[in-house]
Each structure stands twice: as structure tokens, then as C-alpha cells.
*Asks:* 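This is the structure I want to talk about, given as C-alpha cells.
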Amino acid sequence: MGIADDAVEIRAQGWRTLVALHALIENELERSLQSGHDLSVVEYTVLDALSRQDGWHMRMRQLARAAALSSSATTRLVTRLEDRGLLTRILCADDRRGIYTELTPAGWELLTAARPTHERVLRDALAEAAEQPELRLLVDAVHVKAPEAAPASWPALR
């Protein structure tokens, strides 16, 4: 194996490690949020993203990006959450083609109840992962606050 091959394998191993950490955390969150609050991880993510916006609303495109979903998957998810009374859709006042998704008081209430579970499970899953040497560096990176002005080498954070 040459140096270029080694670099490819290092990146691939890094990616596999990241996926392992993500799966460990997501599985724990999914189980706890479902059993305690009848919420999936992606539903929690949507409610949380909306709660962090002024007015508790976002355009569907922004919401899709925040939840890492396709437009069609986001529409189906929002419909399910709307049917449960957790979200509502409203037309954008300045662009009649635009649709906002807005957190309802019931959505806020469920999110408020689920947040301590999410925070506890995330903390515990990260602590468990930190005990595994191959995951330790990634766990440490999760605890590092991103700088306010990201370096040019971090275009995704801009």
C-alpha cells in the first residue's frame, strides 16, 4: 500500500468511526425519546430546530436542511407532526408561494418535556463512547465549541 492508499484508508476509518459514534448515540436517543415521549429523533430535531427560531417558525427548505431530510421526507414528517397538533403550516405574508412551519404550544410543551431526556441520554451516550479508545477523540471533539469566526478551511461552518 502506498502513501495515497494509506490516506484513503485513514479517511475511511475516520468515517467508519464517526458513523459508529453517531449510531450509538442515535440508537440510545431513539429508544428513550420513543418510550418516554412518543417522539423519534428526527421529530425531536424538527421541534428543537423550530424552537430555536424567532417566532418558532421556519421555511420548509430551512427545516429540511436542519433535519437533514429531503424535501419530500420533510413534507411527510411535517404532515405527521401537524396531524398530532405539534406543528402548523402558515403562508408566508411576503411570498404567497412560501410556506412556514411553526411550532404550536402543544409542540413546545412536548419539546420542553423531552429536552431533559434528550440531554441526559446524549450525556450518558457520550460518556459511554468516551470509554472506547477508538471513539474518544470524536467524543472530545463534540465537547469543543466551534469558534465564532470559523477559519477559511471550515467553509461548512460559515
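Throughout, numbering of the chain's residues begins at 1 and tracks the sequence.
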*Asks:* Should the heavy atoms of other residues, nucleotides or ligands under 6.0 Å from CZ of R61 be counted, would the total exceed 12?
*Replies:* no
*Asks:* With sequence neighbours excluded, give me every side chain to side chain donor-acceptor pair (under 3.5 Å) pair touching residues 117-130.
*Replies:* H37-T117
*Asks:* Which atom pair, heavy atoms only, marks the closest approach of A125 to L24?
*Replies:* O-CD2, 3.6 Å
*Asks:* Within the 3.5 Å criterion, strictly below it, is a donor on R16 or Q13 matched to an acceptor on the partner's side chain?
*Replies:* yes
*Asks:* Would you name the heavy atoms of S40 and L33 that are closest together and state the gap between them?
*Replies:* O-CD1, 4.3 Å
*Asks:* Under the criterion side-chain contact (heavy atoms from CB on, under 4.5 Å), I'd like the reasoning laid out for S51 against D48: C-alpha separation, chi angles, the key distance, then a yes or no.
*Replies:* CA-CA 5 Å; S51 77; D48 182 60; 3.9 Å; yes
*Asks:* With distance as the sole test, does E30 use its side chain to make a donor-acceptor pair with the main-chain N or O of V41 at under 3.5 Å?
*Replies:* yes
*Asks:* To the closest 0.5 Å, what do you measure between CE (M58) and OH (Y100)?
*Replies:* 10.5 Å
*Asks:* Verify, without hydrogens or angle tests, whether T104 (side chain) and L86 (backbone) share a donor-acceptor contact under 3.5 angstrom.
*Replies:* yes
*Asks:* What residue among L103, L39, L77 forms side-chain contact (heavy atoms from CB on, under 4.5 Å) with V46?
*Replies:* L77
*Asks:* Locate the shortest heavy-atom distance separating T45 from A66; write the atom from each residue and the value.
*Replies:* CG2-O, 3.8 Å
*Asks:* Sequence neighbours excluded and cut-off under 3.5 Å, please list the side-chain donor-acceptor pairs for residues 131-139, or say none.
*Replies:*
| from | atom 1 | to | atom 2 | distance (Å) |
| --- | --- | --- | --- | --- |
| R136 | NE | D140 | OD1 | 3.2 |
| R136 | NH2 | D140 | OD1 | 3.1 |

*Asks:* Could you report the tightest heavy-atom contact between S32 and S35, atom names first, then the distance?
*Replies:* O-OG, 3.4 Å
